[in-house]
Protein chains: 2
Amino acid sequence: MKNLSQKCILVSIFAQNVKSYRLQQGLSQEQLAERAGVHRTYIGMLEREEKNVTIYNIERIAIALGLEAYQLLKSKND
Amino acid sequence: MKNLSQKCILVSIFAQNVKSYRLQQGLSQEQLAERAGVHRTYIGMLEREEKNVTIYNIERIAIALGLEAYQLLKSKND
DNA sequence: GAGATGCTAATCATAGTATGTAGATTCATG
DNA sequence: CATGAATCTACATACTATGATTAGCATCTC
């Protein structure tokens, strides 16, 4: 799943948002992973734009960050 | 992937939005599928909440409907 | 009959999950 | 200063569960 960002803008936006909100809340990848019920390395892969995440995991991560899911798909400069 | 909606609210919201926006634009499932570059039955499966769609296909369908992707994840009564 | 949708099943590609290693950073503590 | 422990992250695989895609037939409405 290399170069996914070239094909899909959303993957990139999602990655940036997850990392941004996570750091904003002072969470490590591992802490966020535990809250969301996913594996430690999975969060890293998402932030590196290596995975084509599904809507179910978008929801889990949004909840773990205390956000509405659509916020993770919204470009911050809009 | 039955009873997906019980575990994931977003699947249900996404399904309702796709159907709602599609009908609003007077498109058949087949017409939307062609625009989005997916198969006819796949749109049907999404609208019936049978699939855990990936972010890449969310983007394709959003583009086909002339929408921003986040709009498909946003509950209409907010 | 024609068009649209539901539904099943089957195959192929890949998302989800996990393990292990390595490098970078921070922070004590001698 | 060292240097050693602890934490965080990147990265390389690998397995298996399931998402993506297609074909075929049924149902329903007009």
Side-chain angles (χ1 to χ4, degrees), chain A residues 1-65 67 69-70 72-73, chain B residues 1-65 67 69-70 72-73:
Chain A
M1 185 54 60
K2 300 298 181 185
N3 299 323
L4 190 55
S5 59
Q6 293 182 347
K7 296 183 288 183
C8 183
I9 298 172
L10 264 194
V11 167
S12 180
I13 293 174
F14 177 76
Q16 290 170 25
N17 283 337
V18 169
K19 184 166 190 172
S20 166
Y21 284 118
R22 174 177 69 78
L23 294 177
Q24 190 177 305
Q25 299 185 27
L27 296 173
S28 68
Q29 289 180 349
E30 189 160 10
Q31 287 172 321
L32 174 57
E34 191 177 7
R35 286 193 190 186
V38 299
H39 197 270
R40 168 178 65 83
T41 58
Y42 186 57
I43 299 294
M45 287 190 269
L46 293 181
E47 289 186 357
R48 270 177 275 124
E49 306 179 12
E50 291 176 5
K51 282 291 182 182
N52 185 17
V53 66
T54 60
I55 196 170
Y56 178 48
N57 277 340
I58 293 173
E59 175 168 316
R60 291 164 88 185
I61 292 169
I63 291 172
L65 287 170
L67 301 169
Y70 73 86
L72 292 178
L73 300 197
Chain B
M1 185 52 61
K2 300 299 182 186
N3 299 323
L4 190 55
S5 60
Q6 293 182 345
K7 295 185 287 184
C8 184
I9 297 171
L10 265 193
V11 167
S12 179
I13 293 174
F14 177 75
Q16 290 171 22
N17 284 337
V18 169
K19 184 166 189 172
S20 166
Y21 283 117
R22 174 177 67 80
L23 294 177
Q24 188 177 306
Q25 299 185 25
L27 297 172
S28 68
Q29 289 180 349
E30 188 160 11
Q31 288 172 320
L32 174 57
E34 191 177 7
R35 287 192 189 185
V38 299
H39 198 271
R40 169 180 69 82
T41 58
Y42 186 58
I43 299 294
M45 286 190 268
L46 292 181
E47 289 186 357
R48 272 177 272 123
E49 307 180 10
E50 291 175 5
K51 282 292 180 182
N52 184 19
V53 66
T54 60
I55 196 170
Y56 178 48
N57 277 340
I58 293 174
E59 177 168 316
R60 292 164 86 185
I61 292 169
I63 291 172
L65 287 170
L67 301 169
Y70 74 86
L72 292 177
L73 300 197

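In what follows, chains are A, B, ... by sequence order, proteins preceding strands, each numbered from 1.
Taking atom CD of B/Glu47 as the reference point, atom C1' of C/dA4 lies 12 Å away to the nearest angstrom. Distance A/Ile43 CD1 to D/dC11 P: 16 Å, rounded to the nearest Å. Atom CG in B/Leu46 sits roughly 10 Å away from atom C1' in D/dG19 (whole-Å rounding). With rounding to whole Å, A/Glu50 atom CD is found 11 Å from C/dA15 atom P. For the pair B/Lys51 NZ and D/dA20 P, the computed distance is 7 Å after rounding to whole Å. To the nearest angstrom, P of C/dT14 lies 11 Å from OH of B/Tyr56.
Here A/Gln29 reaches the OP1 or OP2 of D/dA10: one of its side-chain N or O atoms lies under 4.0 Å away. Contact annotation: B/Arg40 side-chain N/O to C/dC7 OP1/OP2 distance is not under 4.0 Å. Within the 4.0 Å cut-off from OP1 or OP2 of D/dA20, at least one side-chain nitrogen or oxygen of B/Asn57 is found. The phosphate of C/dT17 has neither OP1 nor OP2 within less than 4.0 Å of any side-chain N or O from A/Tyr42.
A/Arg22 approaches A/Leu27 most closely through the heavy-atom pair NH1-O, 2.9 Å. Nearest heavy-atom pair across B/Leu32 and B/Ala64 is CD1-CB, 3.8 Å. In plain terms, the two heavy atoms of A/Ala36 and A/Arg60 that are nearest each other are O-NE, 3.3 Å.
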Evaluation steps, side chain to side chain contact (heavy atoms under 4.5 Å, CB included), between A/Thr54 and B/Ile55: CA-CA 6 Å; A/Thr54 60; B/Ile55 196 170; over 6 Å; no
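Candidate nucleotides D/dG19, C/dT5, C/dG16 were compared by shortest atom distance to the side chain of B/Ser28, and C/dT5 ranks first. The side chain of A/Met45 lies closest to C/dT17 when the candidates are C/dG16, C/dG6, C/dT17. Which of D/dT21, C/dT5, C/dA18 sits closest to the side chain of B/Arg60 comes down to D/dT21. Among the nucleotides C/dG16, D/dC11, C/dA18, the one closest to the side chain of A/His39 is C/dA18.
Heavy-atom distances to DNA chain C give each of B/Gly44 and A/Gly37 a nearest nucleotide, and the one nearer the 5′ end belongs to B/Gly44. Nearer to the 5' terminus of DNA chain C, by closest-nucleotide assignment, is the contact made by B/Gln31 (compared with the other of B/Gln31 and B/Thr41).
Taking the C1' atoms of five terminal pairs at each end of the helix from C/dG1-D/dC30 to C/dG30-D/dC1, the two resulting helix axes are inclined by 40°, rounded to 10°.
Residues that satisfy the side chain to side chain donor-acceptor pair (under 3.5 Å) test with B/Tyr42, not counting sequence neighbours, are B/Asn57.
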